[in-house]
Amino acid sequence: ITGPQQDIPAPDVITNPQIMAWMMDTYSMNTGTTATGVVTGKPIHLGGSLGRVKATGRGVFVTGREAARRINLPIDGARVEVFLETYIFADDETGSLVADALARASARGVAVYLLIDGFGARDFAPRFREMLAEAGVRALVYRPKISPWTLRRNRLRRMHRKLACVDGRRAFVGGINVIDDYDAPDDTTPRHDYAVRIEGPLTAVVRAEAARLWRLVALTTRHMQLLP
């Protein structure tokens with residue numbers, strides 16, 4: 001299945017040059033010969049190429065960054081309502097872009113519903129909270145508290161959805177959180193993430209599901225005045 005003349009594995013998420021070197025070494029031991037061409041992304045001294053690690057997902061990062069800007073476009077054009085659900089809402093450039101767009105929409109009289117996860121977005125920036133509240137954005141937190149005193153499995157249930165729906169006509173669904181999405185401040189290697197833009201009849205399904213979860217969280221947190 002794998003081999004220099006068959007299929008050559010390349011680095012992906014959660015891999016690095018060391019892991020790729022282990023793969024090359026394992027293949028070489030099983031074939032009885034040093035096969036430097038069996039994988040890419042190896043360390044330089046084993047025949048790897050400069051820039052290969054950072055190249056992984058570079059284009060997808062740019063796509064993710066642009067997705068945040070594209071989400072802002074229909075938000076800025078919203079006339080009736082906006083639903084946004086995200087597991088992470090970071091205090092960075094992407095977070096600022098999205099928060100500003102939500103605030104602008106709400107200030108125009110658009111009903112804006114923001115649902116964030118109580119664990120993934122536990123560090124939701126106070127400046128975002130204040131700005132969005134002042135603009136009239138309806139914001140709720142999915143399961144903001146996790147009890148450390150119970151072993152019940154559902155205590156770890158989180159809201160991992162990442163979706164947006166504008167006026168029931170346009171939607172974005174995928175794996176992209178509201179975050180620049182670098183692993184660490186000194187790491188420029190992006191993650192792989194994807195989202196699709198939806199228009200047409202399917203947006204009604206996305207809108208209905210977003211409204212259903214919003215109502216559920218509003219009822220369980222006793223924020224009935226925020227029901228859409």
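Only a predicted model underlies this, so the values are computations on that prediction, with no experimental measurement involved.
- Note that CZ of F89 is 14.5 Å distant from NZ of K162, once rounded to the nearest 0.5 Å.
- A donor-acceptor pair under 3.5 Å links the side-chain atoms of R122 to the main chain of F119, judged by distance alone.
- Few gaps surround CZ on R161; more than 12 heavy atoms of other groups in view lie less than 6.0 Å from it.
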**OP:** Would you please test V110 and V82 for side-chain contact (heavy atoms from CB on, under 4.5 Å) and show each step?
**Re:** CA-CA 7 Å; V110 175; V82 174; 4.1 Å; yes
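- Taking a 6.0 Å sphere around CZ of R79, one finds it holds 12 or fewer heavy atoms contributed by other residues, nucleotides or ligands.
- Between the S106 side chain and the V112 main chain, no donor and acceptor come within less than 3.5 Å of each other.
- Expressed to the nearest 0.5 Å, how far CE of M23 lies from OG1 of T40 amounts to 9.0 Å.
- Considering every non-hydrogen atom in both G77 and D167, the closest pair reads O-OD2, 4.2 Å.
- One finds the CZ atom of R170 at 5.0 Å from the CD atom of E199 (value rounded to the nearest 0.5 Å).
- Contact check for F124 versus V141: no side-chain heavy atoms found under the 4.5 Å cut-off.
- How far CG of D91 is from CG of D123: 9.5 Å, rounded to the nearest 0.5 Å.
- Among all heavy-atom pairs drawn from M159 and I116, the shortest one is CE-C, 4.1 Å.
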Original post:
After noting the C-alpha distance and the side-chain angles of E85 and Y142, does the key distance pass the side-chain contact (heavy atoms from CB on, under 4.5 Å) rule?
Top reply: CA-CA 10 Å; E85 298 177 4; Y142 180 90; over 6 Å; no
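- For R108 (side chain) and A78 (main-chain N/O), a donor-acceptor pair under 3.5 Å exists by modelled atom type.
- For the pair N177 and I88, the tightest heavy-atom approach, listed with the atom from each and the gap, is OD1-N, 2.9 Å.
- If you chain together hydrophobic residues whose side chains sit under 4.5 Å apart, V166 and V196 never meet in one group.
- Minimum interatomic distance between R158 and R143 (heavy atoms only, all atoms of both residues): NH2-O, 2.7 Å.
- Contact annotation: the side chain of T36 approaches that of M24 to within less than 4.5 Å [non-hydrogen atoms, C-beta and beyond].
- In this structure, V206 and L163 approach most closely via the heavy-atom pair CG1-CD1, 4.2 Å.
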Original post:
For V178 and F128, what are the C-alpha separation, side-chain angles and deciding distance, and is it a side-chain contact (heavy atoms from CB on, under 4.5 Å)?
Top reply: CA-CA 13 Å; V178 180; F128 288 164; over 6 Å; no
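- Hydrophobic clustering keeps I75 apart from V80 (ILVMFWY residues linked when any side-chain heavy atoms are closer than 4.5 Å, directly or through intermediates).
- Under the 4.5 Å side-chain heavy-atom criterion for ILVMFWY residues, no single connected hydrophobic cluster contains both V173 and L84.
- The heavy-atom pair separating A103 from M131 by the smallest distance is CB-CG, 4.2 Å.
- Using a 4.5 Å cut-off between side-chain heavy atoms of Ile, Leu, Val, Met, Phe, Trp and Tyr, with links allowed through other members, I198 and I176 fall into different hydrophobic clusters.
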Original post:
Does the pair R104 and D76 meet the rule for a side-chain contact (heavy atoms from CB on, under 4.5 Å), with working shown?
Top reply: CA-CA 7 Å; R104 288 194 302 268; D76 282 334; 2.9 Å; yes
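- Under the 4.0 Å criterion applied to side-chain N and carboxylate O atoms, R212 and E209 are assigned as salt-bridge partners.
- Within the 4.5 Å cutoff, the side chain of W22 has heavy atoms near those of the I19 side chain.
- Ring orientation note: the planes of W214 and Y113 are nearly perpendicular, at an angle over 60° on the 30°/60° scale.
- For the pair T94 and I179, the minimum side-chain heavy-atom distance is 4.5 Å or more.
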